[in-house]
Amino acid sequence: MAPRAGLRGWRWSSAWRAARDGSRERRSMGRAAILLTPRTSHTVTDLHAHLRTRLLDAIAGLGLDRAAAEPLVRLEPPKNRDHGDVALPAFQLAKLAGKAPPAFANELAARVTADDVVESATATGPFINFRFRRAALARAVLEAIQSGAAPYGKAAANGQVVCIDFSSPNIAKPFHIGHMRSTTIGNALCRIHRHTGATVHGINHLGDWGMPFAKMMTAYMRWGNEQELHASPMRYMFELYKRYGREVKENPGLDAEAAKHFQALESGADNVERRMWQLLRDESLKAFQGPYARLGVTFDHITGESFFEDKMAGAMQRVTASGVLEQSEGAAVVWLKELGIKEPCILQKSDGTTLYHTRDLAAAFYREVTFHPTRILYVVGAEQKLHFDQLKGVLTKMKEPVAKAVEHVPFGLVLSKTDDGKWEKFASRSGNAVFLDEILDEAVAKVRGVIREKNPDLADADQIAEQVGVSAIVFNDLKNSRIKDVKFDWESMLQFEGETGPYVQYACARLSSILRKAECPVPAASAIDHGVLADAERVLLTMMDFGTAVQKAAEQSEPSHVTGHTIALAGEIHSYLRDHYVVGQEPKIRDARLVLVDAARRLLVTGLALLGITAPERM
RNA sequence: GCGCCCGUAGCUCAGUGGGAUAGAGCGACGGUCUCCGAAGCCGUAGGUCAGAGGUUCAACUCCUCUCGGGCGCGCCA
């Protein structure tokens, strides 16, 4: 419904006042994540599945109940790699058997004899450590990666339908640093869920309704000029926004004026407010395509708050019919005390107009009938936890089935450093607001400099600098648990060494370079001598963790699990390459390593793609 | 005041459906490009996991309390 064509080339104003009512577009937190997969094991590879079966057979052989033991067989990575490839703490199984853990571990280990896949099962105290045959490990992992089999490639449809409400900026304002987190996290979650086989609906719930927009309209109607608006829409609207903020201090009546305009807009009549709204919305929406294009973000649906204008009456009727709506001080509210929420959820103001909650309620109903979602993720900042608790609470009190799908995915604030070295919420009082384009431009410029220095003959250097620079910013945003506040400082943001996007991209470029220099095609993974890859066990075991990382990321709405895996894999392959050359080796070794290098590159590219990042062939 | 989140190495963070000696990166110090990309790799130093109780065979991980930091709390979003 919205124009997707990009408007490139304009820059954000250098200062931005994050006034209280201006910085609160949606983005926030949630209740406990709904875990949609049975938490029985981490069996994401054939090797693990095989081992599980062997273990359960052995357990049954010891006279234990197979079904009772099944959930207790929790294979986990050993604390120390020297112990083995996977470990099984035998405490609970020993309890089931009524034996001392070390003795039981011994008995069980003895029954898991070596086969084509399992090399050994060794009891170490109460733990059993397993080791796979190196050739089997290499074969299983490399063939799966090369053929694009799940979890390395996209999984078959899993029946889940996931709505992801993300980015959702208030489009009456410039796209600034504060908008980035919901955008990058939501984008990554869309890609991750698709990879795991879900049907995903990425939704941009634009803030194009309500008081912020009404204030912008008020400013424009008082001071606006259409020529200036068209010349530089976002910058001009930002100026209006700032002016409104200044003048409302002198003239508090402005807010009442804005409220009147909103009332007129919501009346549905074809009036000046409606035409004004349409104009401002169109202009700002166009301007937002620039940042989205740079970040590689797309949406399946751009249904902002205004989209629900004609659906709110129906939603209110539904609430009324359910009998949970009450009048309080002239407003229509739902009390949620029995759900442990003290603050009532206000659905209609005393002047009859609607609120954020009303529109989210209408949106929930709409999404339910339109998409039949198993989960609806709201990627919105943690400061809006109460809002989503209330939304879910109202739906729960109404006994609406969709209530259980509603899931807030909160994330931390973006903090900036004050003059005295403390961290505080981004606010431009001290002129510290930073706009996304400025950050991306800085990063790209720095990358360009690094390229000039390290790879001066690189073709398409500008394009690659854009690719690498933007990735550094996105990767940085997805590196830590989303609930952590992001400490924004230029130094670490523009750091390309260590655990960074460019580090992972560099690994990809290095691997690509080796594949080019090999001057022979990558053999089929099934055709190589897997035994010679015994020296690559750390790389292979890390590769094997990919599925677990993606699964956890999907279940917990936590892209950082994927980010972490790409860093780990890049590190392992870098280390491996130090002592293991590919080019110039005898064919048997060269071929096996070519498959390994190619698989590592593929998996890194896949991991980055899940984060919304591309990897250049050279950099 | 009430509710929620966070507190692990100098800094930024992993690890928190309890499990074997708490891991990275940055910074510091020391190595490493006549050999596939040094945006790399290897090593050294650095931790009473905020504190105190409790549950458990086992607690950084679960429960309670305290301290420190942050966010939120009726017609904004």
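The model shown is predicted, which means the values in this text are computed figures rather than measured ones. Here is how names work: the chains are called A, B, and so on, in the same order as the sequence lines, proteins then strands, and each is numbered from 1.
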Walk along nucleotides 8-14 of chain B from 5' to 3' and tag each nucleotide B, S or - by protein heavy-atom contact under 4.0 Å, base first, then sugar-phosphate. ----SSS
Nucleotide by nucleotide, nucleotides 35-48 of chain B touches protein heavy atoms under 4.0 Å in the pattern (B base, S sugar-phosphate only, - none) SBBSBSSS------
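Among residue pairs with one or both ends in residues 492-511 of chain A, none qualify as salt bridge (charged side-chain N to carboxylate O under 4.0 Å, His left out); sequence neighbours excluded.
In this structure, A:Asn80 and A:Pro344 both approach RNA chain B, and ranking their closest nucleotides by distance from the 5' end singles out A:Asn80.
Here A:Phe127 does not pack flat against the base of B:G19, since the 5.5 angstrom centre distance and 30 degree tilt limits are not both met. For A:His387 and B:A77, the ring-to-base geometry does not satisfy the stacking test (centroid distance below 5.5 Å, interplanar angle below 30°).
Between A:Lys552 and A:Asp545 there is no salt bridge, since no side-chain nitrogen of the basic residue lies less than 4.0 Å from a carboxylate oxygen of the acidic one.
Taking atom C1' in both B:U21 and B:C26, the straight-line distance is 25 Å, to the nearest Å.
Taken from OG1 in A:Thr500 to OH in A:Tyr506, the straight-line distance is 12.0 Å, to the nearest 0.5 Å.
The ring of A:Tyr576 has its center no closer than 6.0 angstrom to the ring center of A:Tyr581. Annotation: A:His205 is in aromatic contact with A:Phe308 [ring centroid separation under 6.0 Å].
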Protein N or O to nucleotides 55-59 of chain B N or O, pairs below 3.5 Å:
none

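When heavy atoms are screened at a 4.0 angstrom cut-off, A:Glu329 is found touching base atoms of the nucleic acid.
In terms of the side-chain contact (heavy atoms from CB on, under 4.5 Å) criterion, residue partners of A:His83 (sequence neighbours excluded) are, by chain and number, A:Pro78, A:Asn80, A:Asn129.
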Which dot-bracket string describes RNA chain B (Watson-Crick N1-N3 plus N6-O4 or O6-N4, or G-U N1-O2 and O6-N3, all under 3.5 Å; [ ] crossing; | other strand)? (((((((..((((.........)))).(((((.......))))).....(((((.......))))))))))))....
